[in-house]
Amino acid sequence: MNAPLPPQVLKQHLIDPEICIRCNTCEETCPIDAITHDGRNYVVDASICNGCMACVPPCPTGSIDNWRMVVREEAYTLEEQFGWDELPVEKPLPAQGVVADAAAADAAAATDAAVLTAAAALAEPAAAYVAPGSVVPPWSAAHPYVNLYSHKTPIVATVVGNYRVTDDDTDSDIHHIVLDFGKLPFPVLEGQSIGILPPGADAQGRAHHARQYSLASPRDGERPGYNNLSLTVKRVTETHDGQPFRGVCSNYLCDVAKGDQVQVIGPFGNTFLMPNHPRANLVMICTGTGAAPMRAMTEHCRRRLEQGANGKLMLFFGARTQRELPYFGPLMKLPRDFIDINLALSREADQPRRYVQDAIRERAADVAALLADEETYLYVCGLKGMEAGVLQALKEVAETAGQAWEPLHAALRTQGRLHLETY
Ligand code: NAP
């Protein structure tokens with residue numbers, strides 16, 4: 001059993017800047033706003049963090065799960081953490097007596113209830129936070145490999161394809177990019193993501209950090225039997241509020257040419273995975289480039305049809321217009337008895353705005369039947385803003401069909417049947 005820590009010793013929570021892919025999941029998950037970031041690093045405020053661990057399972061890389069025993073007064077400040085390119089070497093703690101002397105000298109700090117020791121926090125984990133989605137994979141998911149390649153040891157892939165998948169006359173410049181790993185091992189599963197290290201440096205002269213992209217191809221490759229994978233990348237040309245902004249990595253990737261070499265890290269993600277058993281139904285809900293993992297899962301299901309998989313596939317896909325919907329052509333060629341496709345177009349001329357949650361409500365009877373089936377797994381990927389709306393629509397659909405939402409939501413979460421990946 002772990003002995004309790006003396007009050008002056010803090011088990012300080014830190015984020016490894018070498019592994020972190022700056023996906024913001026930890027900051028969004030933290031129930032007490034202890035995590036923040038600047039243009040470079042995600043950091044944990046030692047004066048707020050209570051070690052509740054809510055941020056640890058959702059982190060796709062494990063960079064969040066770093067701890068250092070420090071004398072409380074010498075805890076790493078936010079400024080120090082913002083400046084790190086790597087975690088500092090763990091310093092030995094002073095001998096017990098010195099710590100005890102420090103206790104006597106600073107009894108006030110010792111009784112400061114606002115800042116818990118990690119020992120106390122771990123003994124009394126914060127019970128309040130419950131993630132809206134699953135933090136475990138489906139029971140039958142295949143074993144994912146994660147963090148095989150890091151910032152220090154990236155793998156080099158060769159670009160073997162780069163195609164625009166939205167109409168040329170639209171502002172949404174979305175590319176399908178195929179990377180080949182040659183003879184090097186890079187095992188992946190649908191739902192996982194990888195990090196791309198864009199060349200060059202930021203304004204401070206430091207190498208750009210990695211940007212995360214979901215796989216758009218299934219585990220056996222964009223082309224079956226090849227050691228390759230694909231990504232869906234939207235060229236970022238403005239901020240969320242419409243100001244001109246050139247996205248470093250998206251512009252780099254949208255402009256790569258066949259034969260170029262790209263530095264890759266990962267793979268990442270061990271929960272947003274698909275079930276491996278044949279009877280499982282998939283309900284996939286996505287917007288824009290959030291279609292990437294849905295494409296991967298759909299294609300895996302299509303390839304295994306011959307092996308007797310017979311679960312249902314239902315897709316809700318939102319985009320501004322049909323011409324901005326990535327992969328529209330190939331998607332519409334899939335047989336209707338294989339996948340039930342529901343489009344929600346928000347800016348189509350002469351049509352009312354439709355979001356995925358509107359489409360879910362329109363298909364209430366079929367969605368309710370799937371929700372009532374314990375073999376159903378739900379995946380939500382895309383814009384952060386749709387998460388609450390989609391959960392609300394699912395709640396209404398379930399309740400209208402006479403199914404209480406709270407227990408259903410709890411079962412979906414705990415059984416690895418509700419996966420959310422929104423940014
Ligand atoms: P987008 O074109 O901006 O939006 C797609 C559709 O979603 C539009 O019809 C939009 O409608 C609609 N929408 C906006 N707010 C919504 C809401 N609250 N509820 C439901 N629908 C809503 O999408 P995008 O630029 O492609 O962005 C996709 C998101 O997926 C990004 O945040 C990206 O980071 C994320 N993502 C990407 C990947 C990847 O691998 N590339 C993987 C995972 C997630 P209006 O704009 O007309 O209102």
Side-chain angles (χ1 to χ4, degrees), residues 21-25 28 58 60 133 162 164-167 170-179 188 190-196 210-217 222 229-242 245 247-254 264 266-269 271-272 284-297 315-328 342-349 351-362 379-394 419-423:
I21 49 174
R22 283 79 176 166
C23 64
N24 204 49
T25 307
E28 275 170 25
N162 180 359
R164 180 167 168 144
V165 287
T166 43
D167 275 14
T170 67
D171 289 341
S172 294
D173 186 10
I174 302 180
H175 285 239
H176 180 70
I177 293 158
V178 187
L179 302 177
V188 291
E190 308 78 18
Q192 284 196 294
S193 57
I194 65 170
I196 301 289
R211 306 305 204 272
Q212 185 188 10
Y213 297 93
S214 297
L215 299 187
S217 51
E222 170 68 14
L229 56 77
S230 64
L231 306 175
T232 312
V233 181
K234 181 175 181 178
R235 189 188 293 279
V236 175
T237 54
E238 57 182 34
T239 58
H240 280 300
D241 50 5
F245 175 80
V248 169
C249 198
S250 68
N251 279 279
Y252 161 63
L253 283 175
C254 286
V264 177
F268 306 120
T271 59
F272 194 107
M284 301 175 279
I285 305 163
C286 61
T287 53
T289 52
M294 313 314 183
R295 180 184 185 271
M297 290 186 189
L315 172 70
F316 294 92
F317 192 171
R320 294 175 185 176
T321 65
Q322 182 183 303
R323 296 180 329 285
E324 291 176 76
L325 196 136
Y327 309 114
F328 178 74
N342 301 268
L343 303 183
L345 304 173
S346 60
R347 302 190 200 181
E348 204 66 84
Q351 285 181 21
R353 189 184 80 174
R354 255 163 65 86
Y355 278 173
V356 281
Q357 46 271 42
D358 301 317
I360 291 170
R361 286 192 183 92
E362 277 166 25
Y379 298 84
V380 181
C381 187
L383 294 168
K384 183 82 207 157
M386 76 163 169
E387 197 175 296
V390 165
L391 289 174
Q392 179 62 26
L394 293 174
H419 296 277
L420 310 172
E421 194 160 290
T422 57
Y423 301 107

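For ligands, and for the atoms within them, numbers begin at 1 and follow the listed sequence.
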Engineer: Look at atom 25 (O) of ligand 1 and say which protein heavy atom is nearest, naming residue and atom and giving the distance to 0.1 Å.
Structural biologist: K234 NZ, 2.7 Å
Engineer: Should the pair E28-K384 be classified as a salt bridge under the 4.0 Å nitrogen-to-oxygen rule?
Structural biologist: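 Judged by the 4.0 Å cut-off on N to carboxylate O distance, E28 and K384 do form a salt bridge.
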Engineer: Show the atoms of ligand 1 that are less than 4.0 angstrom away from any heavy atom in G288.
Structural biologist: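 Under 4.0 Å from G288, ligand 1 has these atoms: 5 (C), 23 (O), 26 (O).
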Engineer: How long is the gap from CZ on F317 to OG1 on T287, to the nearest 0.5 Å?
Structural biologist: 8.5 Å
Engineer: Minimum distance, heavy atoms only, to atom 4 (O) of ligand 1: which one of L253, T232, L383 is it?
Structural biologist: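 The residue whose heavy atom sits nearest atom 4 (O) of ligand 1 is L383.
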Engineer: Which of these, L383, V390, L315, T422, sits in a side-chain contact (heavy atoms from CB on, under 4.5 Å) with C286?
Structural biologist: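 The side-chain contact (heavy atoms from CB on, under 4.5 Å) with C286 is passed solely by L315 among L383, V390, L315, T422.
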Engineer: Would you check the N or O atoms of T289, main chain and side chain alike, for any that come under 3.5 Å of an N or O of ligand 1?
Structural biologist: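 Min N/O separation from ligand 1 is below 3.5 Å for T289.
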Engineer: Are R211 and Y213 in a cation-pi contact, defined as NZ or CZ under 6.0 Å from the six-membered ring centre and within 45° of the axis?
Structural biologist: no
Engineer: I would like to know whether R164 and T170 meet side chain to side chain donor-acceptor pair (under 3.5 Å); could you show each step before the answer?
Structural biologist: CA-CA 11 Å; R164 180 167 168 144; T170 67; 3.3 Å; yes
Engineer: Could you pull out the closest heavy-atom pair between N162 and L253, with the gap in Å?
Structural biologist: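 Minimum heavy-atom contact is ND2-O, 3.4 Å.
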Engineer: Among all the protein's non-hydrogen atoms, which is closest to atom 44 (C) of ligand 1, and how far away is it?
Structural biologist: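 Scanning the protein heavy atoms, the shortest distance from atom 44 (C) of ligand 1 goes to Y423 CD1, 3.4 Å.
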Engineer: Measuring from the heavy atoms of V233, does anything fall under 4.0 Å of ligand 1?
Structural biologist: no
Engineer: At less than 4.0 angstrom from any non-hydrogen atom of S214, what atoms of ligand 1 do you find?
Structural biologist: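 Those qualifying, in numeric order: 40 (O), 42 (C), 43 (C).
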Engineer: Which heavy atom of the protein is the closest neighbour of atom 11 (O) of ligand 1, given with residue, atom name and distance?
Structural biologist: S346 OG, 3.0 Å
Engineer: Going by the atom numbers of ligand 1, which of them fall below 4.0 Å from some non-hydrogen atom of Q357?
Structural biologist: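 Taking each heavy atom of Q357 in turn, ligand 1 has 19 (N), 20 (C) under 4.0 Å.
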Engineer: Of the choices R347, R320, E421, which has the non-hydrogen atom that lies closest to atom 46 (O) of ligand 1?
Structural biologist: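 When every heavy atom of R347, R320, E421 is considered, R347 comes closest to atom 46 (O) of ligand 1.
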Engineer: Classify the ring geometry of F272 against H419: parallel below 30°, tilted from 30° to 60°, perpendicular beyond 60°.
Structural biologist: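 Ring orientation of F272 relative to H419: perpendicular.
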Engineer: Using non-hydrogen atoms of the residue, decide whether A319 is closer than 4.0 angstrom to ligand 1.
Structural biologist: yes
Engineer: Using a strict cut-off of 4.0 Å, indicate which atoms of ligand 1 neighbour a heavy atom of G385.
Structural biologist: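 It comes down to these atoms of ligand 1: 17 (C), 18 (N).
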Engineer: Does ligand 1 have any atom sitting under 4.0 Å from a heavy atom of G389?
Structural biologist: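 No; G389 lies far enough from ligand 1 that no heavy-atom distance drops under 4.0 Å.
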Engineer: Nearest protein heavy-atom contact for atom 15 (N) of ligand 1: which residue, which atom, what distance?
Structural biologist: Y355 OH, 3.6 Å
Engineer: Give the atoms of ligand 1, by number and element, whose distance to some non-hydrogen atom of T287 is under 4.0 Å.
Structural biologist: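 The atoms of ligand 1 under 4.0 Å from a heavy atom of T287 are 5 (C), 6 (C), 7 (O), 21 (N), 28 (C).
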Engineer: Only heavy atoms of C381, strictly under 4.0 Å: list the atoms of ligand 1 that pass.
Structural biologist: 43 (C), 44 (C)
